Amino acid sequence: MVGFIARRLVQSLFVLFVMTLIVFFGVNVIGNPVYIFASSECNQACVNGIIADLGLDRPVWEQYFVFVGNALSGDLGNSFTFGVPAMSLIWERLPATLELAFAALVIALGLGLPLGILAGLRPDAISSRLIMGVSTLGFSVPVFWIGLILIMVFSVQLGWLPSIGRGDTVSILGLEASFLTLDGLSHLLMPAFTLSLFMLAMVIRLTRAGMREVLHADYVKFARANGISETRILSVHVMKNILIPIVTVLGMEFGGVIAFAVVTESIFSWPGVGKMLIDAIAVLDRPLIVAYLVFVVFMFVIINLLVDILYSVLDPRVRLGGGAR
Amino acid sequence: MTRAVDTPPALAVEDLRTAFFTDAGRLDVVDGVSLTLRRGEILGLVGESGSGKTMTGFSITGLIEPPGRIVGGSVKLAGEELVGADRARLRALRGRRIAMVFQDPMMTLNPVLRIETQMTDALLAHASMSRAAARAKVRDALAEVGIAAPDERLRAYPHELSGGMRQRVAIAIALLHEPDVVIADEPTTALDVTIQGQILALVQRLCRERGTGLVWITHDLAVVAGIADRIAVMYAGRIVEEGPVDDVLDRPAHPYTRGLIASVPVPGRRERLPQVPGRMPSLLELPPGCAFAPRCAQAAEACRARPDLLPVGPARAARCHFPLVETEAAR
């Protein structure tokens with residue numbers, strides 16, 4: 001287990017190295033950020049001054065070595081635009097995104113599992129066909145369109161839900177959270193639902209497929225032959241089996257949801273990291289972009305690790321790293 | 001099947017009919033099966049693949065799933081009718097009064113639940129006791145089916161046990177509540193021959209001790225010869241011959257039974273085994289009369305009419321217009 005985790009971390013360091021290399025040089029090729037955020041009064045001498053100040057006059061490879069040297073000591077650089085450490089900007093924005101992503105996950109599982117079970121139990125019923133049809137929409141209709149339609153219906157027409165921002169937040173453990181106040185919750189509902197749609201559709205389909213397969217397994221028939229109640233069979237004997245693929249796929253998807261909630265955050269003006277990334281790209285704020293992507297890679301590594309561990313908990317046949325046997 | 005019994009039968013199946021309604025048409029997988037099983041008796045239900053023996057087992061326990069359903073007949077468990085009983089009642093009976101052991105021990109146990117969870121679930125389905133008491137009880141049940149170090153095995157997952165051991169666990173689960181009837185569907189087919197013998201002896205002993213009636217479904221006549229008191233031979237969803245196991249195996253009355261017996265290899269004889277010619281017809285295109293007639297060497301004009309299961313000797317019956325044994329008792 002420990003060896004497995006260590007190997008994973010070493011692998012991720014390699015991924016990090018390659019990723020920073022690509023992003024660093026890639027962003028450099030696109031253009032010079034100084035021309036974007038220098039004010040119009042700034043003449044060439046002033047611009048040169050800024051460039052020298054940021055260290056952009058040095059060769060790219062030299063800049064990269066400076067970056068790596070600093071990164072190894074934990075410093076991912078200061079944002080060009082804000083002049084403060086890039087990581088502090090990310091940490092500041094992250095709780096909002098995490099809250100949105102977790103809310104989306106809760107919706108995806110809380111709604112997706114029961115609907116998938118229903119569709120799996122009675123595959124031919126009208127309700128099941130309806131569920132499956134709607135889940136296809138979740139896959140195929142673009143997120144921004146759904147978001148806009150939701151705003152149109154619930155904010156503009158009905159006036160039930162606010163469409164912008166986080167609303168009132170409460171501080172818990174030093175982090176701001178929206179879901180603990182009624183106002184915050186009403187702000188959270190639409191963006192979280194929008195963000196969850198893809199995961200929701202996936203959970204429904206995976207649950208249904210799992211049900212169709214597991215319900216016909218001999219061990220379910222055996223459990224029935226032993227008179228175990230249908231509730232217990234569904235909630236334990238069947239559920240534990242179908243959770244395995246769901247955890248795998250959701251784990252992969254969830255990292256993406258946190259990292260690239262960009263579209264949803266933009267539509268609902270949710271003050272998260274996705275919105276920050278878009279702004280950073282617009283002004284070629286390289287330290288912020290690189291720092292964010294380093295952070296994303298780390299997050300993916302951690303999530304995948306957690307998924308693998310969870311996987312081995314759910315499926316006793318899986319032994320991590322071949323250590324146990 | 002017109003035999004008088006002294007004690008009320010543990011299981012009485014009367015003209016049981018189960019059909020599957022598929023796109024291709026209606027399949028009568030169980031076509032008027034009648035069986036009687038006394039307490040402590042072992043009945044071997046024999047037939048080749050597709051003869052309906054497994055479906056008979058599932059029909060008796062009410063575990064037929066769509067597109068199949070029971071379309072007629074009666075199943076009485078110690079006098080109580082199971083056909084048409086509501087789901088809650090069936091659930092209350094299954095596992096407690098009537099239990100099943102399945103063919104493939106690799107598939108019977110849930111791969112992601114500990115043996116302990118699966119056993120205590122089966123136990124607590126019909127008994128209320130503390131988890132600790134339940135654990136003690138299932139541990140004893142494991143020890144009783146000959147599993148060494150039961151405490152350790154309780155914590156194991158199915159994949160950590162051998163096939164024979166898994167089948168022992170399944171048997172322990174089936175016998176947890178000392179049911180009146182156990183239906184064992186080819187429980188030794190997937191096992192090594194040596195393990196097969198052990199399992200046979202184990203089930204035989206446990207059922208005899210507890211007076212449990214046992215229906216042993218198999219395609220293996222040797223197994224039936226070793227374990228059963230009576231034998232019922234199935235063909236195309238119907239019982240074609242029935243009687244005490246030794247009588248039937250020594251002097252089969254139905255040509256199909258004779259063919260089955262002849263195709264069992266005998267140690268020491270190396271000549272080519274005779275086979276029953278042809279194969280079982282699809283249930284969609286059964287001949288109108290005797291289902292076996294197309295493969296039968298002695299089929300005649302009369303076989304175009306469907307034969308009934310008629311007595312051919314003491315406690316024996318066969319579904320044939322020209323039974324191979326005819327005694328005075330029958331005529």
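Side chains included, hydrogens not; waters and symmetry mates left out as well; all remaining heavy atoms used. Per chain, numbering begins at 1; letters A, B, ... match sequence-line order. Please read these numbers as outputs of a predicted model, since none were measured by experiment.
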Mind listing the closest non-hydrogen atom pair of [X] and [Y] along with its distance?
X       : Y       : answer
L154(B) : M119(B) : CD2-SD, 4.2 Å
R114(B) : R155(B) : NH1-O, 2.8 Å
A96(A)  : W270(A) : O-NE1, 2.8 Å
F222(A) : M100(B) : CE1-O, 3.3 Å
V203(B) : W216(B) : CG1-CZ3, 3.7 Å
D180(B) : A78(B)  : OD2-CB, 4.1 Å

Salt bridge E209(B)-R39(B), side-chain N to carboxylate O under 4.0 Å: no

Under 4.5 Å heavy-atom distance to chain B, tell me which part of [X] shows up: side chain, backbone, both or neither.
X       : result
I233(A) : neither
R224(A) : both
A217(A) : neither

Taking side chain as everything from C-beta outward and backbone as N, CA, C, O, which of these in [X] sits under 4.5 Å from a heavy atom of chain A? Side chain, backbone, both or neither.
X       : answer
L113(B) : side chain
I98(B)  : backbone
T108(B) : both

Most contacts with chain A, counted as non-hydrogen pairs under 4.5 angstrom, among A99(B), P158(B), A170(B), A174(B): A170(B)

Over 12 non-hydrogen atoms of neighbours within 6.0 angstrom of CZ in R122(A): no

Exceeds 12 heavy-atom contacts within 6.0 angstrom, atom CD of E65(B): yes

Part of residues 80-95 of chain B lying next to chain A, heavy-atom separation under 4.5 Å: R91(B), R94(B), G95(B)

Pair D121(B)-H237(A), side-chain hydrogen bond (donor to acceptor under 3.5 Å, both in side chains): steps then yes or no: CA-CA 10 Å; D121(B) 270 12; H237(A) 294 233; 2.6 Å; yes

Ring-ring centroid check F102(B) F58(B), cutoff 6.0 Å: yes

Centroid-centroid distance, F102(A) to F254(A), less than 6.0 Å: yes

Residues of residues 128-141 of chain A contacting chain B, heavy-atom criterion under 4.5 Å, by residue number: none

Closest-packed option against chain B by number of heavy-atom pairs under 4.5 Å, given D218(A), V214(A), V220(A): D218(A)

Y292(A) and F295(A) aromatic ring geometry - parallel, tilted or perpendicular at 30°/60° bounds: tilted

